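First the structure, in the form of structure tokens, and then the observations on it.
Worth knowing before you read on, the calculation uses all heavy atoms, side chains too, and leaves out hydrogens, waters and symmetry mates. Quick caveat, the model's predicted, so the values are computed rather than measured.
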Amino acid sequence: MRVRIYKPAKSAAQSGRGGTHEWLLEPELLTPRTPEPLMGWVSAGDTLTELRGRMRFGNAEEAISFARKNGWDYALEEAAERRIQPRNYLDNFRIVRPQDEERQRPA
């Protein structure tokens with residue numbers, strides 16, 4: 001079985017970063033998901049889809065050791081570092097913003 005280990009990104013619908021500090025281990029789908037003809041619900045042939053979003057670890061090393069202990073192949077996706085650009089509130093009301101000044105300077 002192959003699993004994916006990653007650190008989730010923050011939700012676009014919320015401004016907070018809750019739930020982004022833990023690492024997730026999710027199995028890759030073995031069978032395609034198909035809609036059932038009677039109800040139209042989506043189903044899959046393997047029961048490992050139930051684990052999606054449930055296996056959380058404090059750091060990547062714990063998730064990797066868990067995958068190795070169970071004999072699973074894994075793909076580790078490194079988390080992107082958050083870059084914060086310091087800004088001044090008054091710059092929002094300037095005629096020419098600092099970002100635009102940097103673009104307009106001759107090289």
Give a yes or no on whether a salt bridge exists between Glu22 and Lys7, defined as a side-chain N under 4.0 angstrom from a carboxylate O.
no
Please report the C-alpha distance between Arg56 and Leu24 in whole Å, then the side-chain angles of each, then the deciding distance to 0.1 Å, and finally whether the side-chain contact (heavy atoms from CB on, under 4.5 Å) criterion is met.
CA-CA 5 Å; Arg56 298 179 179 272; Leu24 292 178; 3.4 Å; yes
Would you say Tyr6 and Glu26 are linked by a side-chain donor-acceptor pair, where the criterion is simply a distance under 3.5 Å?
yes
Parallel under 30°, tilted from 30 to 60°, perpendicular over 60°: which one fits the rings of Phe66 and Trp72?
perpendicular
If you apply the rule side-chain contact (heavy atoms from CB on, under 4.5 Å), what do you find for Leu76 with Ile64, and how did you get there?
CA-CA 8 Å; Leu76 179 66; Ile64 290 170; 4.0 Å; yes
Over all heavy atoms of both residues, which pair between Pro27 and Val3 is shortest? Give the atoms and the distance, please.
CA-CG1, 3.9 Å
Candidate pair Glu28 and Arg4, rule salt bridge (Lys or Arg N to Asp or Glu O under 4.0 Å), full reasoning:
CA-CA 7 Å; Glu28 293 181 0; Arg4 182 179 125 193; over 6 Å; no
Rounded to the nearest 0.5 angstrom, the CZ-CG distance for Phe93 and Asn88 is 10.5 Å
Arg54, CZ atom: more than 12 neighbouring heavy atoms under 6.0 Å:
no
Can you tell me how far CH2 of Trp23 sits from CE of Met55, rounded to the nearest 0.5 angstrom?
15.5 Å
Shortest non-hydrogen separation from Leu25 to Ala67 and the atoms involved:
CD1-CB, 4.1 Å
Might you point out which heavy atoms bring Pro35 and Gly40 nearest each other, and give the distance in Å?
CB-O, 4.2 Å
Closest approach of Phe57 to Ala63 (non-hydrogen atoms, all atoms of both residues)
CD1-CB, 3.6 Å
